[in-house]
Amino acid sequence: MESSTERTHRTYYLWACAFGLLTTGLLTTQALFSDFPERLYFLVTQPLIALFCAVAMGIVSVQRRTVVSLEKMALVVITLTAMSRLPFDLLYLGHVPPGAEGQLLTGLLMCAVMGFLTLGSRAATAFVTSVYLSHTGLMLWNDLANDGRWLNTLATQLALGTLLLLLAALFRFRIGYAQASSDRDTLQSLAVTDALTGLLNRRGGEHSLNALSGSDRGYLLALADVDDFKALNDQFGHPEGDRVLRALADGLRRADFAARWGGEEFLIVLDLPCERAQLELRHLTDHTHQRASDLLPRPITLSVGATWVEPGQPWQDAIQDADRALYRAKTAGKNRIAFTRLCTSPGRAAHTRPSDEAGLELAGPT
């Protein structure tokens, strides 16, 4: 599936190709109805750019190739057309026409920017250096051949070289900064993500619970434990046990958030009204352990301890309540959900009775 970044790139490139077609169309029309000496250059290069823009629009529209490959093709086309202007003027006209210097500098800068954006750091540096030296050599050769002011040209080219060096430093800094930001985001993600299941790890779960505790809504908190997981590992091996954990994690992603709390134990949070949360917990666990059971020739079941958390109640206390309920679910025969706080009736708040043994209710098998 295409990412949002790729879709954004395609949108921008469609607009760029559309403006490219408009620009090349105007320049070609101007060359057709003008008699300036360099009109032949525009009659050759502008249709070439227009053809590339039209083909690129078609490719981007049908998503046949990635925009990265199109960027490299665009770099080749732009470099050929922009950098051929100076050799054309020198060979066909014998000199650089007045006013063409600005167009030549614009073409060179465009090639440099596209090179830094498209190529790697070393390749871009080599590309820009070769283009710059070729341009400088031809400009100096033109001045020397026509008794021009070559010192002024040399000074201009040195200033241009300085600008390109600053441009290279800027791009290198930006690339390094982007890489550092990406590495930081990756490390932050790894710090709160369980490597095996892709769910939040315990630290990530605690951070999410801290954020949820600041709201004015109650929520359902549950701890789910895989029944007889050690026996499953002993019988089928740890790789199969890992597959089961990943399948369970995939099923639990339907919750508002879930975390691998430790080993084969998962934290589940449902940010729903109490009655709906209890029903959703049953549906969620039914779907989840059935999904995992399809992997092995034996059923995979879950024991779940759940509690309703009132607004302002510390989640640490709720974890203890859910853990006690999980213990009762295990001792009552496993494959079931045990609640310590239940809803009184649909649409109303939960009981606030203590989550002790007397306040425990057991649901049937999950």
Side-chain angles (χ1 to χ4, degrees), residues 1-34 36 38-89 92 97 99-132 134-135 160 163-164 166-168 170-172 174-175 177-179 182:
M1 181 179 294
E2 188 180 40
S3 67
S4 60
T5 301
E6 187 77 8
R7 287 194 298 271
T8 301
H9 282 175
R10 291 185 185 277
T11 300
Y12 279 113
Y13 288 140
L14 283 173
W15 279 107
C17 289
F19 279 108
L21 284 172
L22 177 62
T23 302
T24 55
L26 291 174
L27 290 174
T28 302
T29 302
Q30 181 185 17
L32 283 172
F33 296 98
S34 302
F36 53 88
E38 61 270 28
R39 64 190 296 266
L40 180 61
Y41 166 80
F42 290 98
L43 289 175
V44 173
T45 59
Q46 299 310 302
L48 176 63
I49 297 176
L51 177 62
F52 170 78
C53 290
V55 173
M57 285 187 71
I59 293 175
V60 171
S61 298
V62 299
Q63 302 180 6
R64 292 293 185 184
R65 303 185 67 173
T66 63
V67 295
V68 175
S69 60
L70 287 177
E71 287 173 348
K72 294 181 179 179
M73 292 171 59
L75 176 62
V76 173
V77 172
I78 295 299
T79 301
L80 287 176
T81 55
M83 300 311 298
S84 63
R85 173 66 187 277
L86 182 55
F88 172 85
D89 289 341
Y92 185 73
E101 292 86 353
Q103 297 176 4
L104 294 172
L105 291 177
T106 300
L108 177 61
L109 289 175
M110 184 183 300
C111 293
V113 171
M114 290 191 64
F116 284 120
L117 289 174
T118 305
L119 305 175
S121 179
R122 290 185 179 180
T125 301
F127 167 76
V128 173
T129 300
S130 61
V131 170
Y132 165 71
S134 300
H135 179 270
L160 179 61
L163 177 61
L164 291 177
L166 293 175
L167 190 63
L170 174 63
F171 274 97
R172 184 176 286 269
R174 290 293 299 169
I175 291 172
Y177 177 79
Q179 184 63 48
S182 176

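Model, not experiment: these values are computed from the prediction. Hydrogens, waters and symmetry mates are skipped; everything else that's a heavy atom, side chains included, is used.
- The CG atom of L80 sits 11.5 Å away from the CZ atom of F52 when rounded to the nearest 0.5 Å.
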For residues 15-25, tabulate all N or O donor-acceptor pairs below 3.5 Å that involve a side-chain atom, not counting sequence neighbours.
unit_1 : atom_1 : unit_2 : atom_2 : d
T23    : OG1    : F19    : O      : 2.9
T24    : OG1    : G20    : O      : 2.8
T24    : OG1    : L21    : O      : 3.1

Please report the C-alpha distance between S134 and M83 in whole Å, then the side-chain angles of each, then the deciding distance to 0.1 Å, and finally whether the side chain to side chain contact (heavy atoms under 4.5 Å, CB included) criterion is met. CA-CA 9 Å; S134 300; M83 300 311 298; 5.7 Å; no

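- Atom OH of Y13 is separated from atom CD1 of I59 by 13.5 Å, given to the nearest 0.5 angstrom.
- Interatomic distance, T29 OG1 to L43 CG, rounded to the nearest 0.5 Å: 10.0 Å.
- With hydrogens and angles disregarded, no donor-acceptor distance shorter than 3.5 Å links the side chain of S34 to the backbone of A31.
- Here the closest non-hydrogen pair linking T45 and S84 is CG2-OG, 4.2 Å.
- Each of L86, V113, V128, V131 was evaluated against L108; a single residue qualifies, V131, per the side-chain contact (heavy atoms from CB on, under 4.5 Å) test.
- To the nearest 0.5 Å, atom CZ of residue R39 and atom CD of residue Q46 are 13.5 Å apart.
- With sequence neighbours excluded, the residues satisfying ring pair (Phe, Tyr, Trp, His ring centres under 6.0 Å) with Y41 are F88.
- For the atom pair SG (C53) and CG (L48), the distance works out to 9.5 Å, reported to the nearest 0.5 Å.
- Listed here is the closest heavy atom pair of L119 and A124: CB-N, 3.8 Å.
- Between atom CD1 of residue I49 and atom CG of residue L27 there is a gap of 8.5 Å, rounded to the nearest 0.5 Å.
- Legend: salt bridge (charged side-chain N to carboxylate O under 4.0 Å, His left out) pairs involving residues 16-30, not counting sequence neighbours: none detected.
- When the shell of 6.0 Å around CE of M57 is examined, it contains more than 12 heavy atoms from other residues, nucleotides or ligands.
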